[in-house]
Amino acid sequence: MPERMALNRGALDLDSLNPEQRAAVTHTEGPLLVLAGAGSGKTRVITTRIAYLILHKRVPAPAVLAVTFTNKAAREMAERVAGQVKGTEGGARGGPLISTFHAFGARLLREHITLLGYRPNFVIFDAQEQFAVVKSILEDGAYDEALFSAKSAFFALQQAKGKGLTAQELRTRRGDPAELALGAILDEYEQALKRMNAVDFEDILRLSLRLCREFPAETRPFLERFRYVMVDEYQDTNRCQFDLLKALAGGRRNVCVVGDDDQSIYRWRGAEPGNILDFERVFPGCRTIRLERNYRSTDTILAAANQVIRHNAARKEKTLRGHRGPGRPLEWLLGEDEHDELTKVVAHLRRTLLQDGGHPGDAAILYRSNHQSRAIEENLREEGLPYTLVGGTRFFDRKEVRDALAYLRVIAAPSDEVSLFRILNFPRRGIGRTSQAKLSEYAARQHRPCIDVLREASRFQDFTGPVARSMETFAALIGRFRERFAHEPLPAAFRALMAELDFHRAVEKERADPKSGEKAAGLIVELERTLDYFARTRPEAGLKELLDHVALMAMPEQEEADSRPRAITLSTVHAAKGLEFPYVYLVGLADEVFPHKRSLAEGGEDEERRLFYVAVTRAQRQLVLSMARQRRRYGETLRQQPSRFLLEIEARLFEGESPQGDYVGGAPVKARRTEEAKGRFLERIKGMGEGRG
DNA sequence: CACACGCTAATTTTT
DNA sequence: TTAGCGTGTG
């Protein structure tokens, strides 16, 4: 908290930084590696460093580039930098570029993608669209079904692309049937995307890199604009991003990367924390600064975090040092079953907030896997406590929203045939599966885009009268709205489109349950309002920009009255990275749940441990850990053992019972009695809480 | 083309 | 257990 206040004063306040932080801020020339432990103020270091460059070093703000992984982080960083340079001369000249790797790449591609043989109007395919392509490849092609399900093929393909493997390499590398097939699938996949003038997320990075390498004359002016480059969450970069960073660094090598190998939790997605070690090799003479002073958590919480993470062998040795004193002990809650566990958690939470005068927004309940949120939600609803769920199905992933957006995508780029087939018969217009198959086959045979065939459908024998007419009407509609979107304001054209399609009614009719139909239609209204907001905040932007933003999830969020959440945060540990809360409840801590069984099977114990470390270090004041003695899974009842990570924490850090007891034959008698006593106590307290509302 | 039944799989997912 | 998907039927 004291850090925030210092920032808001506007002027640059180097005195309030600790020596390491200050060193990181003022080391501006040449490569710099900042190893920033959890809660060591790394965001502050980055933003202050940007401000320092602009205000003290007189670097023009647009010459500064900061790369983050999430739009949220980018937005936050931009806000904080703006606060620091606001009203100063340096801040008046246009800001630094703060962007995700992907948004940065997309920008480069928008400028120069024609150099790589794409047409200018390329579209970005997200995971769902990629999956649709893979699926259709498997359906059409003669692939051994035992080798790949659509899902596993999609997964393998993503992994391969993330590692930068080409179809060629896959086919020749090992020669085993799975890799051979995967190579062929990747080949077809890339052809399909190229044909549709589409790129996926990995392509954004790969093609950007190709542009930098193969067309230096064209890209250099843009790249050289950035004299100072910073990367946040550096441990999460994959190979391609690292290469891109090297290209960006150029000869100046004014690169500052900030990361923590202990918080690398996305290796399964292609992140290479080894890039941290490579940084010192690729940028020789680099300065390395460790930030180990933690400003977030109590010493007790930090001790627990340190004790656990110590068990990982391959890591850069770091020990978080706190300065807030021991604070409260950890607490261990043990439930008979999941419901019992959560009842105890919620009772504890209620009591704590009551005692401390805390706010529900100060607390978070964290868990390993998404499905665990359901039981928690039920419990909180029973108790009438407010909560917000982080993650889950996002707005832009909702079926109805995707359907509406698919129209926009086809209008912007009719070559996007994934979207085209998505909407061809929605709302219903009598172009069924058979007609669609005919269309796709015919277009392929003629080497013509589907939209052309649709436009002149009645000229081809393959389609019967009504179907052909329907196809032409559809093509005409797309053409008409192409015009309208070119000339009318985005929200107006969109509303006209929805009205003409009678989209609301189609969406409602699709659901059997009228309640859920109404809800679904409500999403479309929400989408309309989102477009209003987009048009208002970015008046110069057109359809293309809108779609890029949606694809990169960079949609500006709706104005929030209060940036501090008013409700208890429910989140997976992954999604909670970068967040902090006074009270953290880490639930479902049974072995094989966390660490997850499947992850263990794949040799991922260390990554699970890092995940646990991330979870523990979210807590500022109090950490409560919990588990259910038994759990129902797929109908059967399982006994559970405490997570192995809990056993790595000294018992003395806990108040009362600790997880180190004997659980094999049921709990020790003493533990059981304590639990009951505690339960009664909590019940009493709970009543008090309700009494006051 | 809509609905119903049966099979399968069940981690995490910044873009 | 359950949700989501694919296949088969009316």
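So that the names make sense, note that chain A is the first sequence line, chain B the second, and so on, each numbered from 1.
- By the ring pair (Phe, Tyr, Trp, His ring centres under 6.0 Å) test, A:Tyr234 is found to be paired with A:Phe279, residues two or more places apart in sequence or in another chain being considered.
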Where protein sits on nucleotides 9-15 of chain B, one letter per nucleotide: B base, S sugar-phosphate only, - none, heavy atoms under 4.0 Å: -BBBBBB
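- Remark: A:Asp126 engages A:Arg402 in a salt bridge, criterion side-chain N to carboxylate O under 4.0 Å.
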Could you list the donor-acceptor pairs under 3.5 angstrom formed between side-chain atoms of residues 96-106 of chain A and any protein atom two or more places apart in sequence or on another chain?
residue, atom, partner, partner atom, Å
A:Ser99, OG, A:Phe104, N, 3.2
A:Thr100, OG1, A:Ala103, N, 2.9

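- Between the P atoms of B:dT12 and C:dC5, the separation comes to 16 Å (whole Å).
- With sequence neighbours excluded, no residue forms a side-chain hydrogen bond (donor to acceptor under 3.5 Å, both in side chains) with A:Arg107.
- Under the rule for a side chain to side chain contact (heavy atoms under 4.5 Å, CB included), the partners of A:Glu592 that lie at least two apart in sequence or sit in another chain are A:Lys597.
- Nucleotides B:dT11 and C:dG4 place their P atoms 14 Å apart, quoted to the nearest Å.
- A:Asp232 comes within 4.0 angstrom of nothing in the nucleic acid, heavy atoms only.
- Contact annotation for A:Arg428: backbone-only contact, meaning every heavy-atom pair under 4.0 Å involves sugar-phosphate atoms and none involves a base.
- Under the salt bridge (charged side-chain N to carboxylate O under 4.0 Å, His left out) criterion, A:Asp337 pairs with no residue at all, not counting sequence neighbours.
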Sequence-aligned protein contact record of nucleotides 5-10 of chain C, with B where the base is within under 4.0 Å of a protein heavy atom and S where only the sugar-phosphate is: -S----
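- In this structure A:Phe122 satisfies the ring pair (Phe, Tyr, Trp, His ring centres under 6.0 Å) test with no other residue, sequence neighbours excluded.
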Exercise answer: donor-acceptor pairs, residues 432-440 of chain A side-chain atoms, under 3.5 Å, sequence neighbours excluded:
residue, atom, partner, partner atom, Å
A:Gln436, NE2, A:Ile431, O, 3.2
A:Lys438, NZ, A:Asp462, O, 3.0

Between the protein and nucleotides 5-8 of chain B, are there any N/O to N/O pairs under 3.5 Å, and if so, what are the atom names and distances?
none

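- In this view, A:Thr68 satisfies the side-chain hydrogen bond (donor to acceptor under 3.5 Å, both in side chains) rule with no residue, not counting sequence neighbours.
- Contacts of A:Asp416 classified as side-chain hydrogen bond (donor to acceptor under 3.5 Å, both in side chains), with partners at least two apart in sequence or in another chain: A:Arg409, A:Ser419.
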